Structures are given as structure tokens and as C-alpha cells.
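Just below is one structure, and these are the notes that go with it.
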Amino acid sequence: MSAPSVTAPGDLPAGADPTVHDLARWIGTWCFRPVFRVHVHHHERVPATGPVVLVANHSALVDGPLLFGLLGRRSVFLVKQEMFTGVLGTGLRRIGQLAVRRGEPDRAALTAALGVLRGGGLVGVFPEGTRGNGDVAAAEKGAAWLARTSGAQVLPVVCRGTRRPEGSGRRWRPRVDVLVGEPLPTPTGRGRAELAAATETLRGALAALVADLDAMRAEDMRSSA
């Protein structure tokens, strides 16, 4: 006899197991503590309920899993398709993460993410599209499109300290700072020009938040020296 199917709630995509998702999120709240000294600033800005498109900078592979465990609510991230192989791919699907093809519009992933938002969920997007130095010099249009189409608010979140500097050796429990910004207005307008403008607004706000966090970290280093 086959095992009974699990029906995902509205804030998770089809095929996700809410029990496994919540367990993974609980594990994520503490599993990075032995590795990083994590400081979260303005966590109270994360809406407890309702549709949210979270946009974040991306400089290290650990950024997504770290945020997943820190947000305090269920979250569905768009993850590069290459990660969805073998046991890891099965696990990502069970906890409700969505595979997305990089460098091209992925209608299947965006449609699934739109369903999560319409169910009152939170969808996490890295607008840069790939890992870099995390300064958000460029952004793709998917996040702005999701927010505009669903009416969800946009929440910028930035992270610093997860990326090991070029040429440096192994680090012992480096400090990691996560800064949650003020929610951004929901994009309006239906044309391509309006979508491009909304994407640039989003990119600029995220880049400015990175600069704010860099300044905060520099000031903390000076005061502790």
C-alpha cells in the first residue's frame, strides 16, 4: 500500500511536506551557530503573515540556508536548478524550495512562486541571479514581476560576512550580519518599461542597504579596536 499523499498548505508549493519544512526551518535556527557569529538587525521588520517577496544580495552558497532559518516564518526560495539532483534535490523539494533556470525566464518556477504568494506565503529571490561580491550591481526582473503580479510587498534583506575574502585562509567563526530593511512599495504599471524601472528601484534599494550594512560593520570594527 502506498503512503498517503501530503497536501501542502497555501504558503508552500505543491509537493512540499509542511512537517519536513518546519523541521528543517527549526534546524536552521541553530545549525549555523557553531560556524558563524550571527547578528540579525531589525528582525521585527519581517512581516509575520501575508504575501512577501524577499529580495536579498548573494555572495556565498550559505546565504539562502542561513536566511531560511532566521526569518521566523515559512519561506520558499528560488534555487538554481543545478542544486536539484540526488538526495539534495529530493530534500529541497520536500521542504518546498523551487528550482529555477538561471539566465532565462522560467515560467514554471515563477508560476509556482506566484501560487505561494497568492496563498499568503513568502518567496525569497536573489535578484543578482548568481553569487558575486554581493553589492547588487545588477538585478534580474523576476522579483519585481512577482511583486507586481501578486500585489505582495517587497522586503529587502542583506547579508555580509558569509563570503571568505579572496586569498584568505580558513576563518574561525567569522561575524555575519543580516540587516532587514524597510518594506518597499509594491511595483505598479503593466508595461515592460515600468517593470524595468521597478527592477532598478529594487536594485538601488538593495544596494543602498548593503552600503548601510558595510558602514555599520566598519563602525563596529573601529569601536572595538
Side-chain angles (χ1 to χ4, degrees), residues 5-28 46-47 49-132 136 139-157 159 162 186-187 195 198-199 202-203 206:
S5 61
V6 176
T7 302
D11 58 357
L12 291 176
D17 186 324
T19 301
V20 176
H21 177 99
D22 292 342
L23 175 62
R25 192 161 54 83
W26 175 76
I27 293 172
V46 179
T49 59
V52 175
V53 175
L54 182 149
V55 291
N57 66 330
H58 198 20
S59 59
L61 183 63
V62 75
D63 292 337
L66 180 67
L67 293 177
F68 178 80
L70 291 177
L71 292 174
R73 60 176 288 185
R74 288 175 175 169
S75 56
V76 175
F77 280 81
L78 298 181
V79 181
K80 64 179 182 179
Q81 190 176 41
E82 293 85 344
M83 299 291 290
F84 285 77
T85 59
V87 175
L88 176 59
T90 300
L92 288 172
R93 292 185 180 91
R94 288 286 300 281
I95 66 173
Q97 308 309 286
L98 295 172
V100 62
R101 296 191 302 272
R102 295 185 296 177
E104 60 179 292
D106 191 333
R107 290 184 178 273
L110 291 175
T111 299
L114 194 58
V116 170
L117 293 169
R118 287 174 172 165
L122 183 152
V123 172
V125 183
F126 295 104
E128 293 165 285
T130 187
R131 297 193 302 275
V136 202
E140 298 181 358
K141 298 177 181 177
W145 182 88
L146 283 171
R148 184 181 72 174
T149 306
S150 66
Q153 60 181 315
V154 180
L155 184 71
V157 179
C159 182
T162 54
T186 301
L195 182 60
T199 299
L202 181 155
R203 186 208 65 78
L206 200 56

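Heavy atoms only: backbone and side chains are in, while hydrogens, waters and symmetry mates are out. Small disclaimer: the values here were computed from a predicted structure and weren't measured.
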[atom1]/[X] to [atom2]/[Y] distance, rounded to the nearest 0.5 angstrom?
{"X": "Arg94", "Y": "Thr19", "atom1": "CZ", "atom2": "OG1", "result": "9.0 Å"}
{"X": "Leu202", "Y": "Lys141", "atom1": "CG", "atom2": "NZ", "result": "13.0 Å"}
{"X": "Leu122", "Y": "Leu67", "atom1": "CG", "atom2": "CG", "result": "10.0 Å"}
{"X": "Asp22", "Y": "Ile27", "atom1": "CG", "atom2": "CD1", "result": "11.5 Å"}

Is the CZ atom of Arg25 crowded by more than 12 outside heavy atoms at less than 6.0 Å?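 Yes - once you tally the heavy atoms of other residues, nucleotides and ligands closer than 6.0 Å, there are more than 12.
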Minimum heavy-atom distance Ala144-Pro187, with the two atoms named: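 Closest heavy-atom pair between Ala144 and Pro187: O-CG, 4.0 Å.
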Distance-minimising heavy-atom pair for Leu54 and Leu71: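 That closest heavy-atom pairing would be CD1-CD2, 3.6 Å.
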Option passing side-chain contact (heavy atoms from CB on, under 4.5 Å) with Val55 (candidates Val123, Leu146, Val154):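 Testing each of Val123, Leu146, Val154 against Val55, the sole residue satisfying side-chain contact (heavy atoms from CB on, under 4.5 Å) is Val154.
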Heavy atoms, side chains only, cut-off 4.5 Å: are Phe68 and His21 in contact?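 They are in side-chain contact.
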[X] side chain vs [Y] backbone, donor-acceptor pair below 3.5 Å:
{"X": "Gln97", "Y": "Ser75", "answer": "yes"}
{"X": "Arg74", "Y": "Leu12", "answer": "no"}
{"X": "Asn57", "Y": "Cys159", "answer": "yes"}

How are the rings of Phe126 and His58 set to each other: parallel, tilted or perpendicular (split at 30° and 60°)?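 If you compare the ring of Phe126 with that of His58, the planes turn out parallel.
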